[in-house]
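Below is one structure, written out as structure tokens, with a few remarks after it.
All chains are named by letter (A, B, ...) in the order of the sequence lines, taking the proteins before the strands, and each is independently numbered beginning at 1. For clarity, every value in this text was computed on a predicted model and none was experimentally measured. FYI, side chains are in, hydrogens and waters are out, and symmetry mates aren't considered; it's all heavy atoms of this structure.
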Amino acid sequence: MARQFLLPLFLLAALGVTSASKSVLVLLQNVNTADKYSKFFGSLRDYGFDISVKSVKDSSLKLKEYGTWLYDDLVLFAPPAEGFGGKIDRQVILEFVDSGHNVLMALNSDASESMRNLAAEFGIDVDDRGSKVYDHFSHATLNGKEDHTLIAGGNVVDAPVMVGGPYKEPVLFRGIASVIPGDAELATVALGAPSTSYSHAPKQAMLEPPSLMVGSSISLVTAVQARNNARVVVAGSLEMFTDDFFDAVVTVKGVSTHTSNWAFTVTMARWAFQDRGVLVASNMRHHLLGSDEQPWGYRVNDDVEFLVDVVELDGGVPKPFAADDIQLEFIMLNPYIRQPLQHDGNGTFSLRFKVPDVYGVFKYYIDYAHRGYSYIKLTHQVPVRPFKHNEYERFLVCAYPYYASAISIMVGFFALGFFYLYNK
Amino acid sequence: MRLYAKLAAASKYLALTGICVLAFSVRLFSIVKYESVIHEFDPYFNYRVTQFLTKEGFYEMWNWFDDRTWYPLGRVIGGTVYPGLIFTAGTIYRILHFFHVPIHVQEVCVLTAPLFSAFCALACYGLVSQARSHGAGLLAAFFVAIVPSYISRSVAGSFDNEGVAIFALVNVFYWFVKTVNSGSLADAVVLVASYGYMVMSWGGYSFIINLLPLYCLACIFFGRLNGRLYVAFAPLVALGTAISCSIPVVGFNAVLMSEHFGAFFAFIVLHVALLVSYVRRMLSTKHFVILASMVLTVAIALGALAASVVVAYVAKSPTLGWTGRSMTLLDPTYASRFVPIIASVSEHQPPQWSSYIMDLHMLVMLAPAGILACLHRLTDASLFLVLYGLTAVYFSGVMIRLMLVLAPAVCCLSAVALSDLMYVLCGSMRCWKPRFTFSTANDSATAAGEGGGEGASKAPPTPGAAPSPAAPSTKDAVAPSTPDEPTSVKKKTRSRVPSKAAASAAGSKLYALPLLVCGALLGMILVILGLYVVHCIHASADMYSSPSIVLQSPRRDGGVHVFDDFREAYAWLRHNTHPDAKVASWWDYGYQTTAMANRTVIVDNNTWNTSHIATVGRAMSSSEAKAWSIYRALDVEYVFVVFGGLVGYPSDDINKFLWMVRIGGGVYPEIKEPDYLTPEGDYRVDARGTKTMLNSLMYKLSYYDFADESQLSTGQRGVDRVRGYLIGKLNVKLNYFEEVFTSQHWMMRIYRVRDQPLRDPTSRAGKKGKAANRRG
């Protein structure tokens, strides 16, 4: 029992230690421009990230050495880069993500084909090179210069764990549009475009009828959480991470305002680097009511209790998670039970239920995918057996007539036999 | 003379011992040629359950809920298995270990069937010696000991229900005939017990519970009703039904299914007939006629009512209260029309006529003569043999598996025929050369007769044979013709032996054959018997000893190629996959997978859930993407197919594929058989095969990467050596499955069901390597 509790604690402790010194590799088109993002990187350093900035063409670049990943996270602030220096290429980056690491990409309208392809690997279609997002209504005026590509009316997704907020000031954006497929499961529009916007490449003739990315189907900043909980954020604008945008005072629809870029981008980056919204489920256990031991399986109609501990890691610090929408399913071909788990405020989620009157190999199944949080996917197989042959009820009252008839027949047979045999 | 009698008895027992040894040892070819290994499919399940039984004990096995088969349904083993064989092997194992014989349970299982075939020879001896004579009994035991049909299901390693069930079947018949002959209540008790063992052992018990009522009705019809028949039959129906009810796999079927109604009907008729004969004895003829006409009218009315109730009950169920397998027996076309899962099993097909010659050899010729011989001098017991033979012939014509039931019947009938023939011949010889043949004839007579019985004591004073036994013969010949008169037990036992001696003696008197003819005929019989032995040994050694998990094919230099692919692949699964991994295959390989690879399977040879099997059939006949989602829904991690195209192993999954389509289509209408056949209705996997066929998962898994490999072996890309032509699509690409193992001769190919991709690339990225479907 003690070991059951110790193990998750140990795991949490280990997580806490590692998250304290997460190393991030930042690739810039030109290392000398790093100062433009000093506030962004400074905030990240404040949150405990160990940031190393390199040029995208640096010939000594490598993500992996002797089978170990050198970095936890990768930041690609080099939209026009056609390729990478050193030992990094698209395949390595995909491998990086597939092994559970995170990528933050910022693009702009000069985004190269290779960046576009990389985004496509995460399920994001970025618009053609040279295109920009325009909005003639909700744009901002910066430094007295009205710019219809400086979008200020973006819709921040309602997922505080992912993007922070709610924000009163607008998030400034200037860059390229992207879309995600309608049936995308893994991608979320973190910052959606205003409904009056559209994407257009000014140097190209507009098609007739226009086949544009328009309105709210445009995603400005897209967050992807892969099935292994690796996170990828693709922002269509590199400028939104700059100090200029952080400090800007803009006029939107005649109202002068600060921007929320600083808070938004840093929160987004922390989310991307799994510093926020990480759920850890552990210590899954189940038992019959009235017993503490975890049985091999159940009998039909048993009363059982299922428990699981879920903690949320925020900045590497575990704290109890609380939600009402974690569902437990008890499945054999179909779910026989599908109920939300109750939580006790200390991160223990539980459900008491009666095992259905069907035998078979059931499995507990939790598939929790709440926007902004890492996925919880737990399965545990539990056989449910029928009654053993000696577990049925016996000597039922309603069966007394049958007992009586059987016994009377036996007695009668014996008496008759005796009579005929010995009564000559 | 006592010495002769004792010698005769001794030689009889010696012969029986020899026959038992022969029966046992002729079945050991499989061990000699291969190794001591469990054969085929079903035996692996029995072996696994026996292992469980010896490890966990009786009650655990009785309550066993197996979560490693039929995932996720599971299977209640204790309630769905005929436990006779398993208990038998478990008991043997326990006994041996009690005496500190440290034998492994596998060896016990391997040798159970040969052991019980020796017992079966003894039971046959008993049955025929009850029905005719001890000489005929010895012949019958000899025949059944080596009859190929029986060998085919009872070689060492064939640890199947039939291995003990055929013994149990003949044993029931023996005790039944013995009880009918003796009328002893003790025999009836043994009969019921042996019937209980039969019900425990095999579903074929329904043959008994239908044959015995048939015999009972025939006896009533032919006026052979007597108290002995009642003693034999009535307890069997009453207590036997109670016993069957307490065996979980039968349970209430014993009173609910139509297969058992015949017994109840005969039970009632028997009582009515006894009542009628009782009343007839009480009343004068005139009164009886009046009463009979009164009762008859009432009875007809009541009977019509009862019949309509029964008909209504029976008609309520779609199969008229019969199980699918029994319906197949009554209507041989039933299965192929309605239950593809029964029709798909090769042993449920009707046999070819050649298999009768193959499996029974000369007995096929002798058996009809045996029926004539039995009818010629009809006794209660020989009537039973006739009925057994006739019904068994019909059933064997429906299902090749029931050749097994026919085999003992044919052996018994042939033995009767042959022994009658020998009596005639020997009698003739004795007639011609009394002095010379005296001792041998007497010897054979005693050997045939009961040790030191009347036959022996009667023969010596009349070496000239004929006249004196004629007197008892007439007396005894009358006996069966007046069956209404209750014959005492004692008289009956006596009447048997002289009657046959008398017949042969009478024959010799009237139609004594020339010595030369006798000698020639005897010689011919010996030659035929010799041929029979040669044939049986050949059948046992060369045809029925293959374990089917290890295959051999002769090489040009006289050696053999050994194909051990199955065990190789199962061992791979056992060593390289997670213990809880689910493995999907066609149901044929389910038992082997659980027993040898120790992995959870989706379906197995216990075909109790058609829709589950249909799901697997549907997955195999669907396109790759759809199959992937079906398998994912079932938590399947590995899929394997058996493929014979590289080495020419004909019973592979491609050849079974149409059954998967049919069974799948029976539940899921989107699978249509014509989609898999060429427009001409042929089943082909070459360029003329349909698109659905060439895109099915079965085709892809079988022929993945096959073209290059076949180029190495045949010199031409994509030539399938089973089908004998070029396959339809050479470059098979798999997107949702990945090959993880292929055995040495490609007979078993294991694939892993790919995981859902970690990321969902858009179509733009899809140019490079398509990943799996998004939805699970």
Indicate yes or no: at least one non-hydrogen side-chain atom of B:P761 is less than 4.5 angstrom from one of A:F122. no
At a 4.5 Å cut-off on heavy atoms, which part of A:V97 comes close to chain B: side chain, backbone, both, or neither? side chain
Can you name the nearest heavy-atom pair linking B:D67 to A:W296, along with the distance? OD2-CZ2, 3.7 Å
Which heavy atom of A:P383 sits nearest to which heavy atom of B:F65, and what is that distance? CB-CE2, 4.1 Å
Contacting moiety of A:Q225, where chain B heavy atoms sit under 4.5 Å: neither
Assess whether atom CG of A:L416 is packed by more than 12 heavy atoms of other residues, nucleotides or ligands within 6.0 Å. yes
In Å and rounded to the nearest 0.5 Å, what is the CD1 to CG distance from A:I180 to B:D760? 11.0 Å
Do B:P72 and A:F362 make a side-chain contact, defined as non-hydrogen atoms from C-beta onward lying under 4.5 Å apart? no
Look at the aromatic rings of A:H389 and B:Y59 and report parallel, tilted or perpendicular, splitting at 30° and 60°. parallel
Is the number of heavy atoms from other residues, nucleotides or ligands under 6.0 Å of B:L185 CG greater than 12? no
Measuring from atom NZ of A:K363 to atom OH of B:Y71, what distance do you get when rounded to the nearest 0.5 angstrom? 4.5 Å
Does any non-hydrogen side-chain atom of B:L634 lie less than 4.5 Å from one of A:L333? yes
Please round to the nearest 0.5 Å and tell me the distance separating atom CD of A:Q381 and atom OG1 of B:T600. 6.5 Å
Euclidean distance, B:R759 CZ relative to A:L94 CG, rounded to 0.5 Å: 4.5 Å
Salt bridge or not between A:R227 and B:D755? Use side-chain N to carboxylate O under 4.0 Å. no
Of the listed residues (A:N390, A:V232, A:V384), which shares the most heavy-atom pairs with chain B below a 4.5 Å separation? A:V384
